[in-house]
Novice: 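The structure under discussion is supplied below as structure tokens; questions concerning it will follow.
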Amino acid sequence: MAAGFGGPLFGRLALHRAVRDIHSEAERGKVLADAWQRYNVVNAISLGTAAFTWFLGRAVISGRSIDAETRSLVRVKDVLLGATLATSLVNMLSGREMSAQAPGRAVPVQDGDMPSPRTPEKAVAMQRILNVMGPLNIALTAGVIGVTTILAMKSGRSTKWSFVSRLLP
């Protein structure tokens, strides 16, 4: 979850603004596309592993082994993790589609969040999607981390949940 949170947060807060120092708008787009394409592999592996192990653990554990409050938190994590995966997929596909709008993935941009006047219309539309879904994905991932932390704290207070939680990531 740390890679799924930290990478996109770094990209949004640092990388997207740092490319302004690159003189060519097309080169900015190429650097962004190359960086995100490489990081998407890390993101997909990290979030995919977290989701696989969580949902696998959920499939083998009965809800009867935990109290009502913990059961609610587990359901909240289910929803947050599912939404995190969905927004991650949308971001990956939108980024790929955006970068396909110019030869060599060199879509002209002002920075990682702003198209330039020379950005193709379809790439502008993809950028709008990314500007909404990117921050949403970061917030959802933070929510998963927060709920996971609460569940971990609860496991320390309950012998039964402590045993059950060892089977979950």
Side-chain angles (χ1 to χ4, degrees), residues 1-56 58 72-152 168-169:
M1 291 308 305
F5 178 73
L9 185 64
F10 167 79
R12 284 256 160 221
L13 297 179
L15 177 63
H16 283 198
R17 285 161 183 77
V19 296
R20 291 179 189 158
D21 293 338
I22 299 171
H23 179 70
S24 163
E25 289 181 341
E27 190 64 23
R28 289 178 203 157
K30 182 170 178 20
V31 167
L32 286 165
D34 289 349
W36 280 116
Q37 183 175 353
R38 283 188 200 106
Y39 197 78
N40 282 342
V41 173
V42 173
N43 202 23
I45 291 170
S46 65
L47 291 177
T49 300
F52 175 76
T53 56
W54 173 256
F55 291 119
L56 179 65
R58 290 275 288 120
S72 293
L73 286 168
V74 167
R75 287 184 183 131
V76 167
K77 183 172 175 177
D78 288 344
V79 170
L80 288 172
L81 190 53
T84 297
L85 292 172
T87 55
S88 294
L89 183 61
V90 168
N91 287 333
M92 289 178 200
L93 295 175
S94 297
R96 178 171 281 173
E97 183 64 26
M98 179 179 172
S99 66
Q101 301 306 305
R105 297 190 310 269
V107 175
V109 294
Q110 288 183 22
D111 62 29
D113 299 319
M114 295 291 298
S116 83
R118 287 165 289 293
T119 304
E121 232 7 82
K122 189 167 184 179
V124 171
M126 294 297 105
Q127 185 66 60
R128 285 189 199 115
I129 292 169
L130 289 164
N131 285 344
V132 171
M133 298 301 275
L136 178 60
N137 177 260
I138 292 168
L140 289 166
T141 307
V144 172
I145 292 168
V147 171
T148 301
T149 302
I150 294 167
L151 287 169
L168 299 171

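Only this structure's heavy atoms are used, side chains among them; waters, hydrogens and symmetry mates stay out.
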Novice: Calculate, to the nearest 0.5 Å, the distance between atoms OG and OH belonging to S46 and Y39 respectively.
Specialist: 5.5 Å

Novice: Can you name the side chain to side chain contact (heavy atoms under 4.5 Å, CB included) partners of A51, sequence neighbours left out?
Specialist: F55, L81, L85

Novice: Tell me, please, which residues at least two apart from F10 pass side chain to side chain contact (heavy atoms under 4.5 Å, CB included).
Specialist: A14, L15

Novice: Looking at L73 and V147, what are the two nearest heavy atoms and their distance?
Specialist: O-CG1, 3.5 Å

Novice: Would you say R28's side chain and D111's backbone share a donor-acceptor pair under 3.5 angstrom?
Specialist: no

Novice: In chain order, what residues pass the salt bridge (charged side-chain N to carboxylate O under 4.0 Å, His left out) check against R128, with sequence neighbours excluded?
Specialist: none

Novice: How many angstroms lie between atom CG of N40 and atom CG of L93, to the nearest 0.5 angstrom?
Specialist: 9.0 Å

Novice: Where do N43 and P8 come nearest, in terms of heavy atoms and distance?
Specialist: ND2-CG, 4.4 Å

Novice: The criterion is side chain to side chain contact (heavy atoms under 4.5 Å, CB included); which residues satisfy it with V132, sequence neighbours excluded?
Specialist: none

Novice: Between V107 and E25, is the side-chain contact (heavy atoms from CB on, under 4.5 Å) condition met? List the steps.
Specialist: CA-CA 8 Å; V107 175; E25 289 181 341; over 6 Å; no

Novice: Out of curiosity, T119 OG1 to Q127 CD, how far, rounded to the nearest 0.5 Å?
Specialist: 8.0 Å

Novice: Mind listing the side-chain donor-acceptor pairs of residues 133-140 below 3.5 Å, one per line with the distance, residues two or more places apart or on another chain?
Specialist:
unit_1: N137; atom_1: ND2; unit_2: T84; atom_2: O; d: 3.1
unit_1: N137; atom_1: ND2; unit_2: T87; atom_2: OG1; d: 2.8
unit_1: N137; atom_1: ND2; unit_2: S88; atom_2: OG; d: 2.9

Novice: With rounding to the nearest 0.5 angstrom, report the CE to OG1 distance, M1 to T141.
Specialist: 5.0 Å

Novice: What pair of heavy atoms forms the shortest contact from S94 to I129, and how long is it?
Specialist: OG-CG2, 3.5 Å

Novice: Is M126 close to Q101 at the side-chain level, that is, under 4.5 Å between some pair of heavy atoms?
Specialist: no

Novice: Report the distance from atom CD1 of I150 to atom CD1 of I145, rounding to the nearest 0.5 Å.
Specialist: 12.5 Å

Novice: Measure the shortest side-chain to side-chain distance between P120 and M98 over non-hydrogen atoms and say whether it is less than 4.5 angstrom.
Specialist: no

Novice: Do L151 and K77 have side chains that approach each other closer than 4.5 Å (heavy atoms only, starting at C-beta)?
Specialist: yes

Novice: To the nearest 0.5 Å, how far apart are CE in M92 and CH2 in W36?
Specialist: 9.5 Å

Novice: My understanding is that only residues two or more places apart in sequence, or in another chain, count here; which of them pass salt bridge (charged side-chain N to carboxylate O under 4.0 Å, His left out) with D113?
Specialist: R12, R17

Novice: P115 and V124: which non-hydrogen atoms are nearest, and at how many Å?
Specialist: CB-CG2, 3.9 Å

